[in-house]
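Worksheet for the structure shown next.
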Amino acid sequence: MPLVVEDGSGLANADAYVSLEECDDYHASMGNAAWVTDPDDGENTAAREAAIRRATVFLDSRFGRRFRGRRARGNQKLLWPRTGAFDEDGYELVGIPDPVRYAVCEAALRAFSGTDLLPDLERGGQVIQETIGPISTTYAAGAPAGTRFSIIEGLLAPCLVEAGVRAVRA
């Protein structure tokens with residue numbers, strides 16, 4: 001099933017922020033050899049499209065509450081485009097901002113490589129002590145569960161509000 005890419009109008013059936021071609025171009029420009037782009041391999045194409053869908057869901061699920069502004073339309077499927085969204089320099093974030101597109105490409109690479117972007121977590125991940133053979137792991141009280149993807153968070157920074165702040169311009 002081909003991707004339905006959000007075009008900035010607030011589609012009710014969009015399932016991706018980037019097209020396969022855009023993601024291919026991004027990874028080619030970044031030298032990411034793990035993003036295999038054999039156009040004659042239908043299975044590979046379907047796997048990359050599924051990774052883009054999972055990456056889009058990941059961004060909306062993980063960062064949606066922190067996105068600046070509010071959804072542009074009530075019936076749009078994805079959380080972008082948004083209205084009243086301005087970056088920290090005061091520039092309006094129009095359509096699907098490049099940081100969101102690039103973050104989806106980075107998340108898609110991880111999903112394509114087998115990383116579960118939104119894994120089920122047991123008991124908050126606050127392991128106090130775990131020893132397996134000579135390896136021992138201890139987490140501090142309140143340690144967050146899950147994996148942090150620094151490049152994705154860094155790319156999204158201009159599109160996110162700080163914790164506890166929800167600024168929307170009229």
Side-chain angles (χ1 to χ4, degrees), residues 1-30 32 34-35 37 39 44-121 144-170:
M1 180 167 68
L3 294 171
V4 179
V5 180
E6 174 57 63
D7 62 7
S9 66
L11 298 173
N13 63 338
D15 61 3
Y17 285 125
V18 297
S19 68
L20 180 59
E21 295 77 20
E22 184 176 2
C23 203
D24 288 349
D25 290 347
Y26 174 87
H27 289 299
S29 73
M30 299 300 261
N32 292 329
W35 186 259
T37 57
N44 179 274
T45 297
R48 286 182 290 135
E49 287 179 342
I52 291 169
R53 284 186 189 92
R54 287 193 306 274
T56 299
V57 167
F58 167 72
L59 255 65
D60 278 0
S61 298
R62 185 69 152 305
F63 300 100
R65 291 178 185 245
R66 295 178 46 210
F67 285 148
R68 294 176 184 264
R70 57 185 165 264
R71 288 181 301 134
R73 297 179 182 270
N75 68 339
Q76 71 187 50
K77 185 173 180 184
L78 303 177
L79 297 181
W80 287 92
R82 300 180 76 77
T83 61
F86 295 83
D87 68 13
E88 59 273 356
D89 294 324
Y91 294 102
E92 187 172 13
L93 298 169
V94 179
I96 313 306
D98 286 342
V100 171
R101 298 165 104 69
Y102 301 155
V104 166
C105 292
E106 288 291 342
L109 174 63
R110 284 146 182 82
F112 181 70
S113 299
T115 299
D116 188 352
L117 300 173
L118 293 168
D120 292 335
L121 301 174
T147 303
R148 293 191 62 185
F149 302 99
S150 298
I151 190 166
I152 294 168
E153 291 179 27
L155 285 167
L156 286 176
C159 302
L160 301 175
V161 297
E162 293 181 30
V165 177
R166 190 75 173 159
V168 178
R169 292 190 183 175

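The two atoms that bring Q76 and A72 nearest to each other are OE1-N, 3.4 Å, heavy atoms only. Here the shortest heavy-atom pairing between C23 and I52 reads CB-CD1, 3.8 Å. Smallest separation of non-hydrogen atoms from A108 and A51: O-CB, 3.5 Å. The two residues F112 and A34 come nearest to each other via the heavy atoms CE2-O, 3.3 Å.
In this structure, the side chains of W80 and C159 come closer than 4.5 Å at one or more pairs of heavy atoms. At a threshold of 4.5 Å between non-hydrogen side-chain atoms, the residues R54 and R110 do not count as touching. In this structure, F63 and I152 have side chains that are in contact, with non-hydrogen atoms separated by less than 4.5 Å. A 4.5 Å side-chain heavy-atom check between F149 and E106 finds every atom pair outside the cut-off. Side chains of L3 and R53 form a contact here, defined as non-hydrogen atoms less than 4.5 Å apart.
The side chain to side chain donor-acceptor pair (under 3.5 Å) check on N44 picks up R48, with sequence neighbours excluded.
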>> Before you tell me yes or no, could you show the steps for V18 and Y102 under side chain to side chain contact (heavy atoms under 4.5 Å, CB included), namely the whole-Å CA-CA distance, both residues' side-chain angles and the distance that decides it to 0.1 Å?
In response: CA-CA 9 Å; V18 297; Y102 301 155; over 6 Å; no
>> side chain to side chain contact (heavy atoms under 4.5 Å, CB included) for L59 and L79? Distances and angles first, verdict last.
In response: CA-CA 9 Å; L59 255 65; L79 297 181; over 6 Å; no
>> Using the rule given for side chain to side chain contact (heavy atoms under 4.5 Å, CB included), can you reason through E92 versus R68, listing the C-alpha separation, both sets of side-chain angles and the distance that settles it, and then say yes or no?
In response: CA-CA 10 Å; E92 187 172 13; R68 294 176 184 264; over 6 Å; no
> Are F67 and L160 close enough, and set up right, to give a side chain to side chain contact (heavy atoms under 4.5 Å, CB included), and what steps lead you there?
Replying inline: CA-CA 5 Å; F67 285 148; L160 301 175; 3.6 Å; yes
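We find the CG-CG distance between D15 and L78 to be 7.5 Å, quoted to the nearest 0.5 Å. Between the CG atom in D25 and the SG atom in C105 there is a gap of 9.0 Å [rounded to 0.5 Å]. Considering CE of M30 and CD1 of I151, their distance stands at 5.5 Å, rounded to 0.5 Å.
Applying the side chain to side chain contact (heavy atoms under 4.5 Å, CB included) test between T83 and each of R73, R70, R71 identifies R70 as the sole match.
Under a 3.5 Å cut-off, the side chain of S61 and the backbone N or O of F58 do not form any donor-acceptor pair. Side chain of D89 to backbone of Y91: no donor-acceptor contact under 3.5 angstrom is found. Looking only at distances, a side-chain donor or acceptor of E6 sits under 3.5 Å from a matching main-chain atom of G10.
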